[in-house]
Amino acid sequence: MKLADMINQKKLYTEMNEEFGVPEFDEDLVCDELEPLMSTRGGIILEFHSCDFFPERWFDLVVHLSCGNDSLFDRLKERGYDQKKIDENI
């Protein structure tokens, strides 16, 4: 399961960003939800747009992926993001 989907499904947020119409995840709620999974098993790939709030002990390797703005624009458009959210992300 994608972490973003988990955040939405399990309501791991405390408020909505009204400007963009998206929930603002709560770092503590996310870490509390992931702790059992991350501390008992290996071989987990965790994909998310930020990582500075995760405990370092969870990871053996961190990989940063990036893409060009043209590709990113197409991906966000395909996901149905409105122009304001696309502009913010680009």
Side-chain angles (χ1 to χ4, degrees):
M1 173 185 294
K2 292 183 179 179
L3 185 52
D5 293 338
M6 181 186 291
I7 289 169
N8 288 326
Q9 289 176 2
K10 297 193 177 228
K11 299 187 182 346
L12 304 177
Y13 54 88
T14 53
E15 58 188 65
M16 291 290 288
N17 181 319
E18 298 301 328
E19 183 178 1
F20 294 107
V22 296
E24 291 190 2
F25 70 93
D26 182 292
E27 294 175 356
D28 291 330
L29 291 175
V30 170
C31 287
D32 289 347
E33 182 69 29
L34 290 174
E35 180 70 40
L37 177 69
M38 298 301 289
S39 63
T40 60
R41 297 175 37 193
I44 304 223
I45 296 173
L46 184 61
E47 176 190 355
F48 202 54
H49 62 270
S50 62
C51 65
D52 60 325
F53 64 95
F54 294 126
E56 288 183 30
R57 70 180 185 284
W58 285 2
F59 304 99
D60 295 321
L61 175 68
V62 174
V63 177
H64 175 246
L65 302 174
S66 62
C67 69
N69 282 345
D70 291 341
S71 298
L72 181 59
F73 177 87
D74 293 342
R75 288 180 195 172
L76 299 178
K77 194 74 169 169
E78 191 174 297
R79 291 180 189 170
Y81 287 14
D82 65 24
Q83 190 60 48
K84 185 173 187 173
K85 178 124 174 106
I86 292 172
D87 292 343
E88 177 73 16
N89 280 272
I90 298 275

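- Around the CG atom of Asp5, the shell of radius 6.0 Å holds more than 12 heavy atoms that belong to other residues, nucleotides or ligands.
- Closest approach of Phe73 and Gln83 over heavy atoms only: CE1-NE2, 4.1 Å.
- Across all non-hydrogen atoms, the minimal contact from Leu29 to Lys11 is CD1-O, 4.4 Å.
- In this structure, the separation between CD1 on Ile45 and CG on Leu61 is 9.5 Å, given to the nearest 0.5 Å.
- Counting heavy atoms from C-beta on, the side chains of Pro23 and Asn17 never come closer than 4.5 Å.
- Between Tyr13 and Glu24, the shortest heavy-atom distance links the atoms CB-O, 3.2 Å.
- Rounding to the nearest 0.5 Å gives a distance of 14.0 Å between NZ of Lys77 and NZ of Lys85.
- Minimum heavy-atom separation, Cys67 to Arg75: SG-NH1, 3.8 Å.
- The CG atom of Leu76 lies 10.0 Å from the CD atom of Glu78; values are rounded to the nearest 0.5 Å.
- Remark: Ser39 OG to Trp58 CH2 distance equals 8.0 Å, nearest 0.5 Å.
- Without hydrogens or angle criteria, Thr40 side chain to Pro36 main chain gives a donor-acceptor distance under 3.5 Å.
- The residues Glu18 and Lys84 are annotated as not salt-bridged, no charged nitrogen and carboxylate oxygen being separated by less than 4.0 angstrom.
- Between Phe25 and Phe53, the ring planes lie tilted relative to each other; the angle falls in the 30° to 60° range.
- In this structure, CZ on Phe48 lies 6.0 Å from CZ on Phe54, to the nearest 0.5 angstrom.
- Pairing each heavy atom of Leu46 with each of Leu3, the nearest pair is CD1-CD2, 4.0 Å.
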